[in-house]
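What follows is a set of notes on a single structure, which appears directly below.
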Amino acid sequence: MELGVLVYSLYRALTYGFSPLIHLQMRWRRLRGLEHIRRWPERFGHPSAARPPGYLVWFHAVSLGEGMAAVPVIRRCNEMKPEMTILVTTATVSAFEVIKKQLPVGVLHQFAPLDTPVAVDRFLGHWKPNAIIIMENELWPNLIMSAAQLRIPLGLLNARMSTKSYKRWSSPLLLPLASLLLSKFSLIAPLSTLQGIHFQLLQAPPFVIHFSGDLKYVVNKFHVSSGTSESIRDLKVKLSKMKVWIASSLHRGEEEVVLGVHNLLLQSHPDSVVIIVPRHPHHGQQIAQKLRKDGQSVALRSRNEKLTSKKTNIYVVDTLGELREFYRVAPIAVIGGSFFPELTGHNLSEAAAAGCAVITGCHVGHFSHMVKAMQQANPLSITQVSSEQELKKAIDLLMSNPEILEVHQRASKEVYESLSSCIISNIWNLLNLHILRGK
């Protein structure tokens with residue numbers, strides 16, 4: 001523990017010393033549109049709202065995935081303790097834009113403070129949270145140590161650590177720091193048994209580790225929809241007689257795999273259409289631009305373009321927050337972030353909840369536990385492929401056999417329903433016992 005304190009002291013000194021450079025970097029990010037144009041000072045702990053009186057719980061989620069996983073828990077807390085103030089922080093603008101539509105009325109949002117001593121102390125000094133819930137894998141030393149010094153209970157929900165992160169934290173230099181940080185938590189709820197073992201090997205106290213299930217299964221159950229837009233309804237009607245598949249959460253380069261498969265499928269299924277949903281909207285615009293340059297006809301979602309001719313069989317979605325609605329347009333879903341070795345997968349349960357036949361690549365990293373659990377429940381719920389040819393073969397099989405497609409769709413939906421039951425109740429009980437302590 002003494003070595004952990006020494007390593008933390010070094011980290012604190014470095015983050016303090018490099019604060020001016022970090023400030024410059026944030027200004028550069030703001031100029032590039034990566035930070036909120038008006039609210040970027042919040043990243044340095046400057047509040048943009050007053051703290052209401054009474055008990056306040058801070059939910060900290062960095063990106064969109066963690067934020068969406070937190071929403072069902074926030075809703076349950078709001079239902080069970082309506083008098084309690086809930087503050088949510090995210091680091092990315094895209095996460096804020098989507099999550100703000102899902103949060104209950106009265107929940108506050110700020111952009112997350114950087115893990116520098118001044119930003120964290122300023123944030124904690126203003127908001128004075130009575131409890132802090134951190135989502136997934138955000139082990140920020142200054143935040144955790146400052147909260148512990150102020151005797152604020154800490155919880156880590158949907159706790160996970162990638163293989164790369166686990167190896168880094170397990171190194172001789174960082175293991176003492178990991179042990180020190182994890183000792184400050186009152187609750188660690190891992191999303192799988194393997195993740196629980198990882199945290200135990202990093203010397204988290206065994207009595208704070210409690211299993212509850214993966215929150216990403218329940219995102220869809222608690223998703224508030226503003227209603228399917230008229231343009232998506234029109235698209236669904238237009239595509240009702242065609243063979244449609246969706247390729248979602250694509251990382252750069254994966255569109256080449258998808259378009260290659262699409263061109264092969266057109267030979268045997270000339271009435272097929274692919275809906276491409278890249279991870280980032282700007283990437284979608286680049287894909288459409290390149291396709292048009294190559295002489296192909298493509299419809300772009302942000303411009304509300306229609307599939308007007310038989311030649312247009314590629315629809316690119318370059319918007320945020322509509323993926324769930326598009327899963328209901330296509331019976332076959334290919335989940336990206338899984339076709340190159342450096343990638344670590346994306347949430348498969350969203351497509352399963354919509355009743356899609358789900359296909360993914362073999363590089364699923366963070367979501368390997370989800371793939372394994374779903375395949376153990378029913379092997380037909382998830383199809384994994386390891387090459388472009390296998391992907392083409394899997395989609396071709398489903399397009400050619402409506403009965404097989406229906407069996408795969410039903411398997412995905414039923415397994416999702418089974419795995420997602422009771423998770424929120426389990427999480428609420430753990431939070432109430434270990435963090436909120438019956439407040």
Side-chain angles (χ1 to χ4, degrees), residues 39 42-43 45 47-49 51-52 54-115 119-120 123-124 126-140 143-144 146-148 150 152-160 184-191 210 212-216 218-219 222-224 423-437 439:
R39 293 176 53 189
E42 293 173 23
R43 302 284 273 133
S48 62
R51 186 208 192 278
Y55 197 89
L56 185 145
V57 178
W58 170 22
F59 279 83
H60 176 48
V62 171
S63 64
L64 180 57
E66 289 94 334
M68 291 305 292
V71 167
V73 186
I74 292 167
R75 290 225 189 94
R76 179 58 61 90
C77 288
N78 196 53
E79 289 169 10
M80 302 301 288
K81 305 277 185 182
E83 73 284 358
M84 184 169 70
T85 299
I86 298 174
L87 170 68
V88 179
T89 58
T90 58
T92 65
V93 177
S94 59
F96 163 66
E97 292 295 341
V98 176
I99 290 167
K100 68 180 180 181
K101 301 169 187 173
Q102 302 297 317
L103 295 172
V105 175
V107 173
L108 303 172
H109 175 274
Q110 295 282 283
F111 284 99
L114 296 163
D115 199 50
V120 167
F123 185 93
L124 292 176
H126 175 79
W127 291 104
K128 296 180 174 60
N130 299 94
I132 300 174
I133 313 298
I134 299 173
M135 297 304 299
E136 299 206 356
N137 61 347
E138 298 303 317
L139 295 182
W140 294 109
L143 166 57
I144 292 168
S146 295
L150 293 168
I152 303 171
L154 284 158
L156 187 62
L157 295 192
N158 234 37
R160 66 171 175 85
K184 306 303 180 185
F185 284 87
S186 301
L187 169 67
I188 297 174
L191 55 74
H210 299 272
S212 59
D214 187 349
L215 279 168
K216 289 195 172 171
V218 296
V219 168
F222 291 80
H223 179 75
V224 173
I423 291 175
I424 287 298
S425 295
N426 294 341
I427 285 284
W428 165 251
N429 290 336
L430 289 173
L431 282 178
N432 199 34
L433 179 63
H434 298 282
I435 302 297
L436 307 178
R437 293 166 186 170
K439 296 290 183 184

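The structure presented is a predicted model; accordingly, all values stated were derived computationally and were not measured. Start at 1 with the first residue, then count along the sequence.
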Return the minimal non-hydrogen interatomic distance between [X] and [Y], and the atom names on each side.
| X | Y | value |
| --- | --- | --- |
| T92 | S63 | OG1-CA, 4.0 Å |
| L154 | K184 | CD1-O, 3.8 Å |
| P113 | W58 | CD-CZ2, 4.1 Å |
| L87 | L56 | CB-CD2, 4.0 Å |
| G67 | I99 | CA-CD1, 3.3 Å |
| P52 | W127 | CD-CZ3, 4.4 Å |

Do [X] and [Y] have side chains that get closer than 4.5 Å, going by heavy atoms?
| X | Y | result |
| --- | --- | --- |
| V62 | T90 | no |
| E83 | Y55 | no |
| L157 | L431 | yes |
| L215 | V73 | yes |
| L143 | I134 | yes |
| H210 | I188 | no |
| K128 | R51 | yes |
| L124 | I132 | yes |

| query | Do T89 and Q110 get their side chains close enough for a donor-acceptor pair, meaning under 3.5 Å? | reply | no

| task | Please check if any side-chain donor atom of H434 sits under 3.5 Å from a side-chain acceptor atom of S186, or the reverse. | result | no

Once you round to the nearest 0.5 Å, how far does [atom1] of [X] lie from [atom2] of [Y]?
| X | Y | atom1 | atom2 | result |
| --- | --- | --- | --- | --- |
| L156 | L139 | CG | CG | 6.0 Å |
| F185 | L187 | CZ | CG | 9.5 Å |
| R76 | I427 | CZ | CD1 | 11.0 Å |
| L436 | C77 | CG | SG | 6.0 Å |
| N130 | I152 | CG | CD1 | 8.0 Å |
| M135 | F59 | CE | CZ | 7.5 Å |

| Does F123 have R43 sitting over its ring (NZ/CZ under 6.0 Å from centre, angle to axis within 45°)? | no

| request: Apply side-chain contact (heavy atoms from CB on, under 4.5 Å) to the pair V98 and M68, showing each step before the final yes or no. | output: CA-CA 9 Å; V98 176; M68 291 305 292; 4.1 Å; yes

| message | What verdict does the salt bridge (Lys or Arg N to Asp or Glu O under 4.0 Å) test give for K216 and E136, after you've listed the backbone C-alpha separation in whole Å, the side-chain angles of each residue and the deciding distance to 0.1 Å? | response | CA-CA 11 Å; K216 289 195 172 171; E136 299 206 356; 3.3 Å; yes

| query | Which class fits the ring pair H109 and F111: parallel under 30°, tilted 30 to 60°, perpendicular over 60°? | reply | perpendicular

| query | Is it true that a side-chain atom of N429 and a backbone atom of S425 form a donor plus acceptor pair closer than 3.5 Å? | reply | yes

| From CA spacing to verdict: side-chain contact (heavy atoms from CB on, under 4.5 Å), T85, V57 | CA-CA 6 Å; T85 299; V57 178; over 6 Å; no

| query | What's the verdict on side-chain contact (heavy atoms from CB on, under 4.5 Å) for I74 and V88, showing C-alpha distance, side-chain angles and the deciding distance? | reply | CA-CA 9 Å; I74 292 167; V88 179; 3.5 Å; yes

| Any chance CH2 of W140 has more than 12 other-residue heavy atoms, nucleotides or ligands included, within less than 6.0 Å? | no

